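The next block holds one structure in the form of structure tokens; read it before the comments.
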Amino acid sequence: MNIFVTRIIPQKGLDLLNAAGFEVTQYTEKKELSQEELISACKDSDALLSVGSNKIDEYFLQQCSHLKGIALMSVGYDNVDVEAATRYGVPVSNTPGVLSGATADVAFLLMLAVSRNAFYMHNSIGKGDWGFYEPTSNLGQELNGKTLGVLGLGRIGTELAQKCKAAYYMNVIYHNRNPNAEAEQTLAAQYVSFESLLKESDVLSVHVNLTAETKGLFDKSAFNQMKPSAIFINTARGAIHNENDLLEALENHIIWGAGLDVTNPEPMNRNHPLLSMPNVCVLPHIGSATVETRDNMAVMAAKNIIAVLQNQKMPQTINPEVYQN
Ligand code: NAP
């Protein structure tokens, strides 16, 4: 049995696949495979371990319907046509949970960094601009007792809310499609409408999945409803906010600041005006990038591949309907 792995992954995942007796081909070039290259690489493979944003769409699935399974090394699966995967009989798995703590840490880091203009202050020293001390200069905002609004109080959103409550006694409000009864009990989180979330949040952090419903949700009209003192954080997917509208909202002081781990497009252009704004902190999509988390993600993806190649269900299947066919 052959497994094609689209990028270099932690050795712990490869060791598991090798120990199970599978042959692994790992693509090691530092560039994205084109769809045709990926299809060609999968022709002689039994399973695919996919890292990054390769499109697993109708065309790919039609060409690669022989695959016994596809394991994503991510929790997000907006690059997958789930319905088509089920139709072609290909189980697809993701890596939920193991990256929640690390990603929530990045949202927390961005929230704190934006609240004190930290990245801009750091860069200004290198530019010889330490500045003359005045009690009215370089002022940030405190987070203590403020209201955290979470769009998407799922695994990562809940981890962030816990951290914000523990560190800063923040009140938590949230909006999902369905109320999260457990979080309401453990975090005293309050369910609100999307409009109320926009209006009431001091920090608004985005943790929804990218779908047709959430694409472009944070546009001019959304930013216009937020507080002038609000901080916008997005660690979910860049396409959930409109980057030009965000820039305009920041330039016109419609909102106070923004922290992004995800941009649209990625990578962000190095000359993007957001990168030189005092109240903006941007990171290059490093939410899950810790040694421990990446090891756990590789191990989880490998276990899903091993299961499917041993004719079992993948433990983290995103299209369980596929097993009913
Ligand atoms: P999750 O547990 O499924 O949480 C997603 C939450 O969003 C759920 O509470 C869901 O609740 C809510 N939601 C989904 N669609 C919605 C909609 N249309 N309107 C309102 N709420 C909606 O997922 P997770 O594990 O926390 O991951 C969330 C996302 O984070 C992933 O999809 C991925 O894109 C991103 N992520 C980024 C990084 C990074 O490196 N920056 C790392 C990991 C994950 P309902 O179903 O009740 O609506």
Side-chain angles (χ1 to χ4, degrees), residues 7 50-53 56 72-80 82 92-111 148-163 172-184 186-187 189-198 201 204-219 222 232-241 258-268 281-294 296-298 300-301 316-320:
R7 295 203 189 171
S50 178
V51 186
S53 55
I56 312 291
L72 308 177
M73 203 178 123
S74 63
V75 68
Y77 51 86
D78 42 281
N79 56 324
V80 179
V82 179
V92 181
S93 65
N94 66 345
T95 57
V98 288
L99 40 55
S100 302
T103 309
D105 278 346
V106 166
F108 188 91
L109 180 162
L110 285 169
M111 172 184 76
L148 170 73
V150 179
L151 181 70
L153 194 70
R155 290 172 291 250
I156 300 170
T158 299
E159 288 262 357
L160 175 69
Q162 281 164 351
K163 290 174 203 290
V172 179
I173 59 175
Y174 75 101
H175 181 72
N176 284 4
R177 287 165 304 181
N178 313 291
N180 181 336
E182 195 185 329
E184 290 189 11
T186 56
L187 295 165
Q190 191 196 339
Y191 185 86
V192 296
S193 66
F194 181 59
E195 287 66 31
S196 299
L197 191 82
L198 294 173
S201 300
L204 199 164
S205 194
V206 180
H207 299 283
V208 282
N209 321 100
L210 172 61
T211 61
E213 257 186 308
T214 61
K215 190 172 178 189
L217 198 55
F218 286 87
D219 58 5
F232 173 75
I233 305 290
N234 188 358
T235 59
R237 285 290 180 267
I240 297 169
H241 66 256
L260 308 175
D261 185 44
V262 289
T263 62
N264 187 17
E266 289 182 6
M268 179 179 253
C281 297
V282 185
L283 291 171
H285 203 145
I286 59 164
S288 65
T290 66
V291 174
E292 298 85 346
T293 291
R294 288 285 162 83
N296 290 335
M297 291 166 72
M300 186 176 266
Q316 280 78 33
T317 313
I318 60 172
N319 57 339

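Quick caveat: nothing in here was measured; it's all calculated off a predicted structure. Worth knowing before you read on, the calculation uses all heavy atoms, side chains too, and leaves out hydrogens, waters and symmetry mates. First listed ligand is number 1; within each ligand, the first listed atom is number 1.
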- Protein heavy-atom partner closest to atom 30 (O) of ligand 1 - residue, atom, separation in Å: I156 CD1, 3.7 Å

- N178, any N or O under 3.5 Å of ligand 1 N or O: yes

- Query: So which bit of L153 gets within less than 4.0 Å of ligand 1, heavy atoms only: side chain, backbone, both or neither?
  - Reply: backbone

- Within the structure, does T211 bring an N/O atom to less than 3.5 angstrom of an N/O atom in ligand 1? no

- Message: How far is atom 33 (C) of ligand 1 from the closest protein heavy atom, and which atom is that?
- Response: R237 NH1, 3.7 Å

- Message: Below a 4.0 angstrom heavy-atom separation, can you tell me which part of T103, side chain or backbone, both or neither, approaches ligand 1?
- Response: side chain

- Message: Within the 4.0 Å heavy-atom shell around G76, which atoms of ligand 1 are there?
- Response: 32 (O), 33 (C)

- Among non-hydrogen protein atoms, atom 4 (O) of ligand 1 lies closest to G154 CA, 3.4 Å

- Which pair of non-hydrogen atoms, one from L110 and one from G259, has the smallest distance, and what is that distance? CD1-C, 3.9 Å

- Do any N or O atoms from the side chain of T95 and from the backbone of A301 form a donor-acceptor pair under 3.5 angstrom? no

- Query: Quick one: does N180's side chain have a donor or acceptor within less than 3.5 Å of a partner on L153's backbone?
  - Reply: yes

- Of all heavy-atom pairs between S100 and I156, which one has the smallest distance, and what is that distance? CA-CG1, 3.8 Å

- Task: Output yes when a side-chain donor or acceptor of D261 lies under 3.5 Å from a complementary backbone atom of G287, and no otherwise.
- Result: yes

- Of all protein heavy atoms, the one nearest atom 22 (C) of ligand 1 is V208 CG1, 3.3 Å

- Task: For the residue pair L283 and C281, establish whether any side-chain heavy-atom pair is separated by less than 4.5 Å.
- Result: no

- Does A236 come within less than 4.0 angstrom of ligand 1, counting non-hydrogen atoms of the residue? yes

- Message: One residue to check: N209. Relative to ligand 1, which of side chain, backbone, both or neither has a non-hydrogen atom less than 4.0 Å away?
- Response: both

- Query: Tell me, do R155 and V75 make a side-chain contact under 4.5 Å, heavy atoms counted?
  - Reply: yes

- Message: Within the 4.0 Å heavy-atom shell around T214, which atoms of ligand 1 are there?
- Response: 17 (C), 18 (N)

- Message: Within the 4.0 Å heavy-atom shell around H285, which atoms of ligand 1 are there?
- Response: 39 (C), 40 (O), 41 (N)

- With heavy atoms and a 4.0 Å threshold, my read on which part of N176 contacts ligand 1 is both

- Message: Quick check on D261 - does any of its heavy atoms sit under 4.0 Å from an atom of ligand 1?
- Response: yes

- Query: Of the non-hydrogen atoms in Q316 and P96, which two are nearest, and what is the gap between them?
  - Reply: CG-CD, 3.6 Å

- Sidechain-backbone polar pair: H285 side chain, V262 backbone, donor-acceptor under 3.5 Å: no

- Distance to 0.1 Å, residue and atom name: give those for the protein heavy atom nearest to atom 7 (O) of ligand 1. G152 CA, 3.3 Å

- Query: Where is the nearest protein heavy atom to atom 1 (P) of ligand 1: which residue, which atom, and how far?
  - Reply: R155 NH2, 3.6 Å

- Query: What residue and atom, counting heavy atoms only, is the protein's closest point to atom 28 (C) of ligand 1, and at what distance?
  - Reply: H207 O, 3.2 Å

- Atoms of ligand 1, numbered as shown, that sit under 4.0 Å from any heavy atom of S288: 40 (O)

- Check R177 against ligand 1 and report side chain, backbone, both or neither, counting heavy atoms closer than 4.0 Å. both

- Note on the structure: Shortest non-hydrogen pair, A104 vs E159, comes out as CB-CB, 3.5 Å

- Message: Please find the pair of heavy atoms, one from R237 and one from G76, that lie closest to each other, and give the distance.
- Response: NH2-CA, 3.6 Å

- Message: Is there a polar contact, in the sense of an N or O pair closer than 3.5 Å, between L210 and ligand 1?
- Response: no

- Query: In terms of heavy-atom contacts, does CD of E266 have more than 12 from other residues, nucleotides or ligands at under 6.0 Å?
  - Reply: yes

- Task: Note the single closest protein heavy atom to atom 37 (C) of ligand 1, along with its residue, its atom name and the distance in Å.
- Result: T235 O, 3.1 Å

- Is there a donor-acceptor contact under 3.5 Å from the side chain of Y174 to the main chain of G154? no

